[in-house]
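First comes the structure, then the notes that go with it.
These values consider heavy atoms only, across backbone and side chains, with no hydrogens, waters or symmetry-generated copies.
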Amino acid sequence: MSRYSFSKDVQVPVCGTPFNLSRDLLAARSSKLCKMFKENPDEDLSHLLSDIPTSPETFEIMARFCYGFKINFTPENVIPVSCLACYLGMTETHSRHNLLNQALSFFEHEVITGWNESIRSLKAIENHTILQQAIHLGLIDGCMDSIINKALGNPFLLGEPIKNPVLDDYEDDEDEREFDENVYKPNAKRQLFALDWKSEDLSLTTLQLQFYESIIRGMIECKMGSDYIASNLYQYAKRWVFLDPKETDGETSSSSEGDSSNSKRLAIEAIERLLPHDRGVLPCAVLSEMLQYATVLEANVNCKDGFEVRIGRQLDLATVNDLLIPSQGYSKDEKYDTECVRRILKHFYHNFTGKYQSELHDVAELVEDFLGEVANDIDLKKDSFISLAEMSIAASKGTQRTSDGIYRAVDIYLSKHKYLTESEREEICGVLECNKMSVEACEHAAQNVRLPVRVVVQVLFVGQLHLRETITKEVAAPEDPAEDDDDEDDEEEESVIDELEKMRSKVTELEKECVVMRKEIQRGYMKKTKKMEKEKTNVWREMKRKLGCISSLNNSNCHMKKKKKVHPR
């Protein structure tokens, strides 16, 4: 200390907090302050020292070190203290056992060796200037590399993969075991140890987005299991995107509503960029939830399209509720976003390989159920319904499905939209393929008063054809040699005969109903024609009466007979 003899103390203001310190003690530890004191021995340097990039708490730790007090380093203060020591030049070249060396030693032996300590150190960085200094010193990379390496050694540090019951049942089949190849199978010994990472405050999801995205990207580059990456991304979304600002922790609750929405938008966009594209890593319900938040937060097009592509790739594992995405925007004419579902379906067909036909069947059934659900929307327009029905028909191509699902949706739509005219109902029923309807559906449609008469007649005709074909096949079927055995029961023959008689009676009834329906149509047409003629006659008679051609005393026309003139003789 003897080589530094500055008579005056110096006042250092740090964020409004003044510190009156000895120049000699500061110069003995800081090369930057020593040089400044030598150049300005008698001047007030408070204005030159006011821009020191630190907080009052960190500066107090540095001052206590200069006065010879013992320093208690923690994961929270070691990085700010290291940055301040580097800024002030408190290195070994200026003074032995200086502050920077002690801080870096603690960081190397106590921080980056533990999962919790590394996360606590990153969480404590809030100042942008300190962040830049920490990056320059390599402290940020040290923490992130430590976290990545520990997660690679034990992926359960990221949390357990999300169970997908639909996909689990799907994988039970021997032909579907290929999805198990990328699933991480941890060592059984690791499960014997109690992990302290389960504390929510020390989870990886508590980090700011700039740290979190870099860490997850590093794990992806190191081939971390996609199931664990996806699970942690979902937990991060639950913490930073899904909840309201009042329900989150202090990092977000103190921000304004606009800043909170902006941070959520940045978070959901980053989650989409990091989310693996592997099939089944997240259930469709979770992907749909993320898509809805991305739409509400007005995320970029790539973000929303990325979620739609992921849903489309596993659309056969989705449910109807996963596709019921509410419409957003100022003009919400319809309750659900049907255009989004259309795009998702296109992604499914684009990625469909044709390897498993059951996927095509499941998607066709899903689209029919979705159509039946949105048909309950009173605001669903006629053109939108027809477009969705055509989409459902296209989804059923290549399968042996009937048109019963389309008929059910049409019936629901007509029951919810009773104001439709006859022509509009006929237009809606134009999507029906009556020849593909089952016998039960035809019987129901024949008695459905909501259907137009023309459609009912068509359904009756199709039902009649079905019954005729069935009877023809039963009659023309070749006799089975086994039926010629002496042990054949007479009861079976009688049951077959009874069934044929029932079918014949049904055909007869349908023919009678069809004839009656046609007569009613013709009778209605004749009545309508006569009524129109009568109305025309009445109008003409009324006009003649107004013109005075018809008196109230007689019923003569305008051509009145002329009276003969009588000449007097």
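- Side-chain atoms of Asp362 do not come within 3.5 Å of backbone N or O of Leu317 as any donor-acceptor pair.
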| request: Walk me through it: do Leu158 and Ile229 pass the test side chain to side chain contact (heavy atoms under 4.5 Å, CB included)? | output: CA-CA 7 Å; Leu158 300 180; Ile229 294 289; 4.3 Å; yes
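- One N or O on the side chain of Gln314 and one on the backbone of Gly280 form a donor-acceptor pair closer than 3.5 Å.
- In this pair, Tyr413 and Phe385 present their aromatic rings parallel. The plane angle is below 30°, not in the 30 to 60° band.
- Salt bridge status for Asp278 with Arg313: absent, with no side-chain N to carboxylate O gap under 4.0 Å.
- Residues Val374 and Phe370 have side chains in contact (heavy-atom distance under 4.5 Å, counting atoms from C-beta outward).
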| task | Go through the steps to decide whether Asn116 and Ile119 satisfy the test side chain to side chain contact (heavy atoms under 4.5 Å, CB included), and finish with yes or no. | result | CA-CA 5 Å; Asn116 294 344; Ile119 292 179; 5.5 Å; no
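- Residues Val367 and Leu371 are not in side-chain contact: their nearest non-hydrogen atoms beyond the backbone lie 4.5 Å or more apart.
- Residues Arg408 and Glu368 are not paired through a salt bridge, judged by the lack of any N-O separation under 4.0 Å between the basic side chain and the carboxylate.
- In terms of heavy atoms, Met391 sits closest to Val341 at CE-CG1, 4.4 Å.
- Contact check for Pro283 versus Ile162: side-chain heavy atoms found under the 4.5 Å cut-off.
- Using a 4.5 Å heavy-atom cutoff, the side chains of Ser387 and Arg342 are in contact.
- With salt bridges taken as basic N to acidic carboxylate O contacts below 4.0 Å, one links Arg265 and Glu269.
- Residues Ile148 and Gly218 approach most closely at CD1-CA, 3.9 Å, considering heavy atoms.
- With hydrogens and angles ignored, the 3.5 Å screen pairs no side-chain donor or acceptor of Arg450 with any backbone N or O of Ile412.
- Using a 4.5 Å cut-off on side-chain heavy atoms (C-beta onward), Phe348 and Leu360 make contact.
- The backbone N or O of Glu160 sits less than 3.5 Å from a side-chain atom of Ser231, completing a donor-acceptor pair.
- Under a 3.5 Å cut-off, the side chain of His347 and the backbone N or O of Ile311 do not form any donor-acceptor pair.
- At a threshold of 4.5 Å between non-hydrogen side-chain atoms, the residues Tyr336 and Leu323 do not count as touching.
- A donor-acceptor pair under 3.5 Å is formed between the side chain of Asn376 and the backbone N or O of Gly372.
- Residue Gln132 holds its CD atom at 4.5 Å from CD1 of Ile135, rounded to the nearest 0.5 Å.
- Between the side chain of Ser403 and the main chain of Met437, no donor-acceptor pair closer than 3.5 Å is present.
- Considering OG1 of Thr206 and CG of Leu122, their distance stands at 9.5 Å, rounded to 0.5 Å.
- Counting heavy atoms from C-beta on, the side chains of Phe307 and Glu272 come closer than 4.5 Å.
- Using a 4.5 Å cut-off on side-chain heavy atoms (C-beta onward), Leu414 and Cys429 make contact.
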| side chain to side chain contact (heavy atoms under 4.5 Å, CB included) evaluation trace for Ser288 with Ile325 | CA-CA 8 Å; Ser288 177; Ile325 301 173; 4.0 Å; yes
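- In summary, the side chains of Tyr407 and Asn448 do present a donor paired with an acceptor at a separation below 3.5 Å, with no hydrogens or angles considered.
- Put simply, the side chain of Ser392 never gets that close to the backbone of Leu388: no donor and acceptor are under 3.5 Å apart.
- Between the NZ atom of Lys346 and the CD atom of Glu308 there is a distance of 11.0 Å, given to the nearest 0.5 Å.
- A salt bridge links Arg273 with Glu213: at least one charged nitrogen is closer than 4.0 Å to a carboxylate oxygen.
- Ala299 and Ile268 make their closest contact through CB-CG2, 4.2 Å (heavy atoms, listed as atom of the first residue, atom of the second, distance).
- Residues Phe242 and Tyr234 approach most closely at CE1-CE1, 3.6 Å, considering heavy atoms.
- How far CG of Asn149 is from CE of Met144: 12.0 Å, rounded to the nearest 0.5 Å.
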| Can you check side chain to side chain donor-acceptor pair (under 3.5 Å) on Ser327 and Asp337, steps first, answer last? | CA-CA 5 Å; Ser327 298; Asp337 191 351; 5.2 Å; no
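- Looking at every heavy atom in both residues, Ser261 comes nearest to Leu297 through O-CD2, 4.1 Å.
- For the atom pair Leu345 CG and Arg343 CZ, the distance stands at 12.0 Å (nearest 0.5 Å).
- For Tyr212, the side-chain hydrogen bond (donor to acceptor under 3.5 Å, both in side chains) criterion is met by Asn232, not counting sequence neighbours.
- For Ser203 and Arg239, the side-chain atoms include no donor-acceptor pair closer than 3.5 Å.
- Although no hydrogens or angles enter the test, the distance criterion places no donor-acceptor pair under 3.5 Å between the side chain of Thr205 and the main chain of Tyr236.
- Ser118 places a side-chain N or O within 3.5 Å of a backbone atom of Gly114 that can act as its donor or acceptor partner.
- Considering CD1 of Ile344 and CZ of Arg310, their distance stands at 12.5 Å, rounded to 0.5 Å.
- With respect to the salt-bridge test (charged N to carboxylate O, under 4.0 angstrom), the residues Glu427 and Lys382 qualify.
- Across every non-hydrogen atom of Thr113 and Lys150, the tightest pair is O-CE, 3.2 Å.
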| query | Going through the distances and angles, do Asp377 and Lys416 end up as a side chain to side chain contact (heavy atoms under 4.5 Å, CB included)? | reply | CA-CA 8 Å; Asp377 181 14; Lys416 293 293 183 179; over 6 Å; no
